[in-house]
Amino acid sequence: MNKTITTPAGTFKNAIEIKTNFDTSEYYVQGVGLVLMLDTSVKLVDKIHELKKIY
């Protein structure tokens, strides 16, 4: 819980990183949920999901 993640919705501290068996890294923030998902199977990491706005 020491990752800082920046998305269009803002900067989130204390994100939890989860590396899955499907070559993705997911970042969750308490009280918000999933804020970023990355495809790590390729040399240049690709964003799969990125939080744009919090309502």
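In what follows, every heavy atom counts, from backbone to side chain, and hydrogens, waters and symmetry copies are set aside.
Between Glu26 and Leu34 the shortest side-chain heavy-atom distance falls below 4.5 Å. Taking 4.5 Å as the limit, some side-chain heavy atom of Phe12 sits within range of a side-chain heavy atom of Thr7. For the pair Met37 and Ser25, the minimum side-chain heavy-atom distance is 4.5 Å or more. Side-chain contact between Leu36 and Lys47 is present, with heavy atoms from C-beta onward closer than 4.5 Å. Side-chain contact between Asn2 and Asn14 is absent, with no heavy atoms from C-beta onward closer than 4.5 Å.
Taking OG1 of Thr24 as the start and CD1 of Ile48 as the end, the distance is 5.5 Å to the nearest 0.5 Å.
Across Pro8 and Leu51, no two heavy atoms sit closer than the pair CD-O, 3.4 Å.
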Item checked: Worked verdict on Ile5 versus Thr11 for side-chain contact (heavy atoms from CB on, under 4.5 Å) -> CA-CA 6 Å; Ile5 303 298; Thr11 300; over 6 Å; no
